[in-house]
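First the proteins, then the strands, lettered A, B, ... as listed; each starts at 1.
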Amino acid sequence: MALKLYDSLTRSLKELTPSHADGVFRFYNCGPTVYASAHIGNFRTFIVNDVIRRLLELEFGTVKIKHVRNLTDVDDKTIKRSREEGRSLADVTKQWTEKFWSDCKVLNCLDPHEQPTATGHIKEQVNMIEVLMEKGNAYRGADGSVYFKIDSFPGYGALSRIKERELKITDDAADSDHKDSVSDFALWKAYKPAEDGDVKWPSPQGDGEGRPGWHIECSAMIKKHLGDTIDLHTGGVDLLFPHHENEIAQSQCCNGTSMANHWYHGEHLLVNGKKMSKSDGTFYTVDDIIAKGYSAAALRYALLVGHPRKQLNFTLDSLHAAEKAIKTLRNYRAALPAIGGNPEAFAEAFKALDDDLNTPGALGAIFTIINRGNEGVDQTAFDRVIFAFGLDLSETAAPEVSIPDDITALAEKRWAAKQSKDWAAADALRAELTEAGWSMLDRKESYSLEPLKK
RNA sequence: GGCGCGGUAGCCAAGUGGUAAGGCCGAGCUCUGCAAAAGCUCUAUGCGCCGGUUCAAUUCCGGCCCGCGCCUCCA
């Protein structure tokens, strides 16, 4: 079985294969800008990429894949945030990087092999810009910034099919004065004391100070950590243009070779039918979901119920459905023998995953098998497909809930009433618990309490 | 305006030129003092609308309506 993914450049399904002689698959995934908590729309993309990573590991072997995901820790937003809070840029980005990592861990994402930062690769970026300047692909504007000259790269627009960016009068009009063409984009932004504070580095060719533009960091880090040509480059659809288009221009003009053999873009998660937006406040964070009492596994599941290349409208109902589905998977596994089943029991599910990451199709296949019973299925085969999805089915993965003392007291009273067969009292106490938002589950020798979902 | 994507049961969501996977909800049943948990069973004559091609279209083609995304340093 081989994983086939849609390639945004050729607009066709292509098999993923390592192109280098060492057989190591080189995979780069555009990461987050660390200035605030990432929302679950961002995580949809990272989780989809995590599934790709897992499938590649299953196909090529754990050591035959190198996965790199960057952290954008210097840009307008990070600088703005640090100045608003009167903290250093490093302090702010460290906080949000750690938050991002802990969310990733909660969501059971495998760590990329490298997580390079933009500020950790200033030298590499400056070097690359200098090469572009020497080759005539970049020039210094009157403001001291360095711009990429789009006219110098005939291949520009191949990925997004945009010949040239439309000439628009925007707030950036001021910058346009310094550029040869409005379409040109910044490789290096000249230092602006009023906006940049102490965030600055020596500019390319030692001419003044400034900071890197957004796009160049990926080109530089890819070159350093994965080489001139990689096997797969991914991100959200919004990165198609201009980010990835610009990366291609920079890298290919600098290196003279194709940057990536395969481009894959995940679609957006919607809320109320609209894109999640930090500025509109229409988004959920991982913490928000956990606080509502849902498990991280359910969140992960809910983000995978839609085809990754289709917009998915996120609702709390979908989380509820996911939570139930997770329970079914957990119970099914518990009834399975460890070994002895057909290793290919979940072939249909893998077939769907290999066919352009059809996660809903694969989930459907899994439940179809579950509905047929346990015959011929063992935990080994089941765990393999669950690994691909990255779902942590262990009970300990369920969120820890603290039970208030008064709830415990009510439960104890009801349990005592039940033991003495005082059904009326027991029922009244159950009603009180329900009213307080708790569900009491009786067992033979004991009981447990679960909060009703908010 | 340019480029791209989508409209399938109450909700979510696969899919195929030959007659609609799966999850949730709901209903029934087993179990059970009650409730739950667990398990079993059932639930779209129809896939936005109108034409066309075809023996056959939800699936191909054309038109239309509706929704969404990108074209702003947003995953």
For the side chain of [X], starting at C-beta, report the closest nucleotide among [options].
| X | options | answer |
| --- | --- | --- |
| A/His307 | B/rA14, B/rA75, B/rG33 | B/rA14 |
| A/Lys418 | B/rG15, B/rA75, B/rC34 | B/rC34 |
| A/His39 | B/rG33, B/rA75, B/rA36 | B/rA75 |
| A/Pro360 | B/rC34, B/rA13, B/rG15 | B/rA13 |
| A/Asp238 | B/rG39, B/rG4, B/rA75 | B/rA75 |
| A/Trp423 | B/rC68, B/rC70, B/rG33 | B/rG33 |

Worksheet item: According to the Watson-Crick and G-U wobble definition with distances under 3.5 Å, which dot-bracket string, read 5' to 3', encodes RNA chain B, using [ ] for crossing pairs and | for pairs with another strand?
Response: (((((((..(((.....[...))).(((((.......))))).....(((((..]....))))))))))))....
[atom1] of [X] versus [atom2] of [N]: gap in Å, rounded?
| X | N | atom1 | atom2 | answer |
| --- | --- | --- | --- | --- |
| A/Gln311 | B/rC70 | CD | P | 9 Å |
| A/Leu304 | B/rC12 | CG | P | 18 Å |
| A/Arg372 | B/rU41 | CZ | P | 13 Å |
| A/Arg161 | B/rC5 | CZ | P | 10 Å |
| A/Leu269 | B/rA13 | CG | C1' | 14 Å |
| A/Met440 | B/rA37 | CE | C1' | 14 Å |
| A/His265 | B/rC74 | NE2 | P | 15 Å |

Between [M] and [N] - [atom1] atom distance, rounded Å:
| N | M | atom1 | answer |
| --- | --- | --- | --- |
| B/rU8 | B/rA14 | C1' | 10 Å |
| B/rG26 | B/rG17 | C1' | 35 Å |
| B/rC40 | B/rG23 | P | 10 Å |
| B/rU43 | B/rG28 | P | 16 Å |
| B/rC49 | B/rA13 | C1' | 23 Å |
| B/rU58 | B/rC50 | P | 11 Å |
| B/rG52 | B/rG10 | P | 29 Å |
| B/rA9 | B/rC71 | P | 32 Å |

Worksheet item: According to a strict under-4.0 Å criterion, is A/Asn331 in side-chain N/O contact with OP1 or OP2 of B/rA37?
Response: no
Practice prompt. Give a yes/no answer on whether the side chain of A/Lys310 brings an N or O atom under 4.0 Å of OP1 or OP2 in B/rG7.
Written response: yes
Applying a 4.0 Å non-hydrogen cut-off, can you work out what [X] is touching in the nucleic acid: base, sugar-phosphate, or nothing?
| X | answer |
| --- | --- |
| A/Lys421 | nothing |
| A/Asn358 | sugar-phosphate |
| A/Arg11 | sugar-phosphate |
| A/Gly41 | base |
| A/Leu239 | sugar-phosphate |

Worksheet entry | Under the side-chain contact (heavy atoms from CB on, under 4.5 Å) test, residues paired with A/Leu239 that sit two or more places apart | A/Cys30, A/Trp214, A/His243, A/His244
Fill in: Residues forming a side-chain contact (heavy atoms from CB on, under 4.5 Å) with A/Ser318, sequence neighbours excluded
A/Ala302, A/Phe314, A/Thr315
Item to complete: Applying salt bridge (Lys or Arg N to Asp or Glu O under 4.0 Å), name anything that partners A/Glu98, two or more places apart in sequence or on another chain.
Response: A/Lys94
Item to complete: Apply side chain to side chain donor-acceptor pair (under 3.5 Å) to A/Gln95 and A/Tyr35, showing your working.
Response: CA-CA 8 Å; A/Gln95 175 191 347; A/Tyr35 71 106; over 6 Å; no
Worksheet entry | Residues within residues 93-106 of chain A bordering RNA chain B, heavy-atom distance below 4.0 Å | none
Discussion item. Using every non-hydrogen atom in the two residues, find where A/Val377 and A/Pro337 come nearest and quote the distance to one decimal.
Written reply: O-CD, 3.5 Å
Fill in: Nearest non-hydrogen partners of A/Ile47 and A/Cys109, listed with the distance
CG1-SG, 4.0 Å
Discussion item. For residues 238-254 of chain A, which residue pairs pass the salt bridge (charged side-chain N to carboxylate O under 4.0 Å, His left out) check, not counting sequence neighbours?
Written reply: none
Worksheet entry | Pairs involving residues 296-322 of chain A, ordered by first then second residue, that meet salt bridge (charged side-chain N to carboxylate O under 4.0 Å, His left out) (sequence neighbours left out) | A/Asp50-A/Arg300, A/Arg309-A/Asp356
Taking the six-membered ring for Trp and the full ring for Phe, Tyr or His, determine whether the centres of [X] and [Y] are under 6.0 Å apart.
| X | Y | result |
| --- | --- | --- |
| A/His233 | A/His265 | no |
| A/Phe148 | A/Tyr139 | no |
| A/Phe382 | A/Phe387 | no |

Response to the item:
RNA chain B nearest-nucleotide lookup for A/Ser439 and A/Tyr332: closer to the 5′ end is A/Ser439
Worksheet item: More 5' along RNA chain B: A/Arg309 or A/Gly306, using each one's nearest nucleotide?
Response: A/Arg309
Worksheet entry | Salt-bridge criterion met for A/Arg384 and A/Asp378 (N-O under 4.0 Å) | no
Discussion item. Salt bridge or not between A/Asp76 and A/Arg211? Use side-chain N to carboxylate O under 4.0 Å.
Written reply: yes
Does [X] make a side-chain donor-acceptor contact with the base of [N], cut-off 3.5 Å?
| X | N | result |
| --- | --- | --- |
| A/Lys275 | B/rC74 | yes |
| A/Arg430 | B/rA35 | yes |
| A/Asp442 | B/rC34 | yes |

Kindly give the atom pairs (protein nitrogen or oxygen, nucleotide nitrogen or oxygen) under 3.5 Å for nucleotides 26-32 of chain B.
none

Worksheet item: Does A/Phe46 have A/Arg69 sitting over its ring (NZ/CZ under 6.0 Å from centre, angle to axis within 45°)?
Response: yes
Sort me out a list of protein N/O and nucleotides 22-25 of chain B N/O pairs below 3.5 Å, or just none if empty.
from: B/rG23; atom 1: OP1; to: A/Asn371; atom 2: ND2; distance (Å): 3.1
from: B/rC25; atom 1: OP1; to: A/His320; atom 2: NE2; distance (Å): 3.3
from: B/rC25; atom 1: OP1; to: A/Lys324; atom 2: NZ; distance (Å): 2.6

For [X], what residues pass the side chain to side chain donor-acceptor pair (under 3.5 Å) criterion, not counting sequence neighbours?
| X | result |
| --- | --- |
| A/Tyr301 | none |
| A/Arg81 | none |
| A/Lys14 | A/Asp7 |

